[in-house]
Structures are given as structure tokens and as C-alpha cells.
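What you see is a predicted model, and the numbers here were worked out from it, not measured in a lab. One-based numbering, in listed order, for ligands and for the atoms of each.
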Amino acid sequence: MGKIIAVANQKGGVGKTTTSVNLTASLATAKRRVLLIDLDPQGNATMGCGVNKKKLVHSSYEVLTRQSKPGDAILPLKELGFHILPGNADLTAAQVDLLHHDNRERALREALESCRGDYDFIFVDCPPSLNMLTVNAMVAADSVLIPMQCEYYALEGLSDLMDTLENIRRTVNPKLAIEGLLRTMFDPRSRLAKEVSDQLLEHFGDKVLRTVIPRNIRLAEAPSHGLPALMYDKSSRGAVAYLALAGEIMRRNEKAA
Ligand code: ATP
Ligand code: MG
């Protein structure tokens with residue numbers, strides 16, 4: 001059964017999409033069967049994998065609102081070695097549409113039942129908000145991966161996220177775990193980054209992933225070519241860091257299994 005991991009943080013621009021795309025690509029090169037779901041109306045993960053978000057025939061919106069089956073909307077990306085359930089601005093309507101559904105927070109979970117067995121890992125790239133889309137991802141998920149920048153307000157935002165997680169555990173998904181906190185865009189020369197990183201380790205211990213993603217220009221450039229960094233410049237520090245992260249995620253999960 002594929003493990004579903006929601007990549008979430010309501011703070012914008014912390015590296016959710018970069019992590020979703022590059023971790024997916026890295027696990028795919030390690031021969032894992034991986035599906036990436038774009039659940040953000042911005043459609044950045046979709047574009048970052050070279051899929052035109054404006055020309056989707058079927059999308060995650062339709063799957064979420066039960067207008068399409070996942071099997072009809074998922075696109076195999078042969079050159080990248082993984083599958084994507086693409087998303088776009090249609091997702092903004094999902095919030096309203098879902099209001100009319102019973103079990104509206106379980107829509108994604110139910111929709112994925114039919115395809116879960118086809119994958120080892122399923123990553124859900126969430127929007128920068130704790131809205132119904134993110135809630136759907138967390139209800140569907142086995143765990144949450146939380147990318148964060150080590151800067152001044154990072155810890156403050158984390159407590160809202162932890163409250164939401166706790167709420168979801170109490171109500172619909174008691175098994176929801178924290179996959180890990182991921183330090184992104186890390187600059188080892190910054191004293192503040194180091195201080196925040198130390199605080200994180202102190203508060204969250206083992207929940208902080210050992211792999212640290214450095215700030216690396218190739219990671220920022222790759223999406224404009226519609227490619228994960230691994231396919232754009234495989235020896236870049238960014239690509240190498242995400243390969244290491246994939247290794248860490250596999251070790252943690254395959255040991256636990
Ligand atoms: P949003 O909240 O808008 O969905 P996000 O959390 O998904 O944003 P990204 O889109 O992954 O964040 O990253 C924000 C910006 O920072 C992007 O321009 C991305 O290319 C860049 N970026 C992400 N990670 C790195 C990194 N490690 N080094 C350099 N640039 C990065
Ligand atoms: Mg994003």
C-alpha cells in the first residue's frame with residue numbers, strides 16, 4: 001500500500017513544491033513507484049514537471065469532486081520516471097464545491113483508494129494555507145512532511161500547523177504522523193539560521209530530518225525548464241541534497257515496515 005505523505009506548511013514560499021517535485025524525482029530514480037499530487041491552485045508542481053496547467057483535460061480538482069477517476073487524470077511522466085495528478089486554478093472552486101459533499105474532508109482519501117496500491121509513495125503538494133484542500137491532504141495522509149526556512153517567524157507558524165494536525169488526529173485521522181521537519185534554503189553562514197535550527201532540534205528532536213537542503217540556484221532555475229533539479233543539473237548541490245533526503249526517507253520507512 002502506498003504511503004501518502006502531505007507536504008504542508010501554511011507559510012508561503014518555504015519550499016513545499018520544490019521538495020515535493022525533487023523528492024518525488026529522487027525516489028523515482030531509486031526505482032520506487034511514486035505519484036505526485038498537485039493540490040495547490042497555483043499549479044506550480046504541475047508546471048515544474050513540464051505539464052501545462054492551462055491545458056489539463058482532467059485534474060486533481062475533478063478527482064477531488066468525484067467528476068473523474070484518478071486513473072483517468074493521472075499522467076505518467078515517462079522521462080521523469082514518476083506519475084503526476086496535475087492541478088490548476090480550478091482547485092479554488094473545490095472549496096465551495098466540497099461544501100455540498102458529506103464527508104467533505106475525506107474526499108481525497110476516498111478518491112485515492114483505487115490507486116494507492118499502485119505506488120510505494122504518494123506525495124501531496126499543499127497550498128500555503130490551512131484550508132479545506134490542506135485538510136483533505138492531511139486526512140488522506142499517513143504522515144506530514146513540513147518544509148521550513150530557519151528564520152525568525154518559522155517557529156511561530158509551526159504551532160498553528162501542529163494545532164491543525166492535532167485536530168485532525170482527534171477527529172478523522174488518528175494515525176496521522178509527522179514524517180519530519182525539513183530545513184530548506186539553509187545558509188550555514190547565517191547565525192540566525194543556525195540558532196533557529198538549534199531551537200528546532202531542541203524542541204522536535206528526532207522529528208527534524210537530518211538532511212538539510214541548502215540554498216542553491218539550480219533548484220530555483222529547474223522549474224522554468226519544467227524539470228526536477230536532478231534532470232536539470234544532477235551534480236548540483238540542490239539535486240544531491242534531495243537524493244540524500246530520499247535516502248533518509250527510504251531508510252526511515254523501510255526500516256519501520
Ligand atoms: P507556495 O507556498 O507559494 O506554494 P512553496 O512553499 O511551495 O511556495 P517553493 O515554490 O518550493 O515554495 O519555493 C519558493 C521559491 O524559492 C521558489 O522560487 C523556489 O524555486 C525557490 N527555492 C525553493 N527551495 C530553494 C532552495 N533550496 N534554494 C534556492 N531556491 C529555492
Ligand atoms: Mg508551492
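Under the salt bridge (charged side-chain N to carboxylate O under 4.0 Å, His left out) criterion, K3 pairs with E179, sequence neighbours left out.
Interface atoms of ligand 1 facing L219, defined by a heavy-atom separation under 4.0 Å, are 20 (O), 26 (C), 27 (N). In the vicinity of G12, heavy-atom distances shorter than 4.0 Å reach the ligand 1 atoms 2 (O). Short contacts between ligand 1 and D40, defined as distances under 4.0 Å to a heavy atom of the residue, involve ligand atoms 4 (O). Numbered from 1 in the order shown, with element, the atoms of ligand 1 that lie under 4.0 Å from a heavy atom of N216 read 26 (C), 28 (N), 29 (C). Atom numbering of ligand 1 starts at 1 in the shown order; those under 4.0 Å from a heavy atom of V14 are 5 (P), 6 (O), 12 (O). Listed by number with element, the atoms of ligand 1 under 4.0 Å from a non-hydrogen atom of I213 are 27 (N).
By the definition of a contact as any protein heavy atom under 4.0 Å away, atom 25 (C) of ligand 1 is in contact. In this structure, atom 7 (O) of ligand 1 has protein heavy atoms in its sub-4.0 angstrom surroundings.
Regarding atom 30 (N) of ligand 1, its nearest protein heavy-atom neighbour is A220 CB, 3.8 Å. Scanning the protein heavy atoms around atom 10 (O) of ligand 1, the nearest turns out to be T17 CB, 4.0 Å. In this structure, the protein non-hydrogen atom closest to atom 3 (O) of ligand 1 is Q42 NE2, 3.2 Å. Of all protein heavy atoms, the one lying nearest to atom 19 (C) of ligand 1 is T18 OG1, 3.8 Å. Given atom 12 (O) of ligand 1, the protein heavy atom at minimum distance is G15 N, 3.0 Å.
The shortest heavy-atom distance from G13 to ligand 1 is under 4.0 Å. The closest approach between A241 and ligand 1 stays at or above 4.0 Å for every heavy atom of the residue. Not close to ligand 1: P223, with no non-hydrogen atom less than 4.0 angstrom away.
With R183 contributing its side chain and L209 its backbone, the two residues share a donor-acceptor pair below 3.5 Å. In terms of modelled atom types and a separation under 3.5 Å, the side chain of R32 and the main chain of A30 share a donor-acceptor contact. Side chain of S60 to backbone of L39: no donor-acceptor contact under 3.5 angstrom is found. A donor-acceptor contact shorter than 3.5 Å links the side chain of K16 to the backbone of K11. Judged by distance alone, the side chain of N9 and the main-chain N or O of M148 form no donor-acceptor pair under 3.5 Å. At least one donor-acceptor pair closer than 3.5 Å links the side chain of T164 to the backbone N or O of D160. At least one donor-acceptor pair under 3.5 Å links the side chain of N22 to the backbone N or O of A229. A distance-only check finds a donor-acceptor pair linking the side chain of N136 to the backbone of R104 [under 3.5 Å]. At distances below 3.5 Å, at least one donor-acceptor pair connects side-chain atoms of N173 with backbone N or O atoms of A141.
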*Hey, mind stepping through R169 and E166 against salt bridge (charged side-chain N to carboxylate O under 4.0 Å, His left out) and telling me if it holds?*
CA-CA 5 Å; R169 276 197 197 116; E166 197 41 55; 3.0 Å; yes

*Does the salt bridge (charged side-chain N to carboxylate O under 4.0 Å, His left out) test come out yes or no for E248 and R252, once each step is laid out?*
CA-CA 6 Å; E248 184 174 0; R252 286 188 170 217; 3.7 Å; yes

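By the neighbour-count criterion of 12 heavy atoms within 6.0 Å, atom NE2 of H203 is sparsely surrounded, having that number or fewer from other residues, nucleotides or ligands.
The closest non-hydrogen atom to atom 5 (P) of ligand 1, taken over K11, Q10, K16, R215, comes from K16. Here the shortest heavy-atom distance to atom 16 (O) of ligand 1, taken over M148, E221, M185, belongs to M185. Scanning P214, G48, G238 for the heavy atom closest to atom 27 (N) of ligand 1 points to P214.
Within the protein, the N, O or S atoms lying under 2.8 Å from the Mg ion (ligand 2) are T17 OG1.
By the 4.5 Å heavy-atom criterion applied to side chains, V21 and Y242 are not counted as neighbours. Side chains of V196 and E151 form no contact here, defined as non-hydrogen atoms less than 4.5 Å apart.
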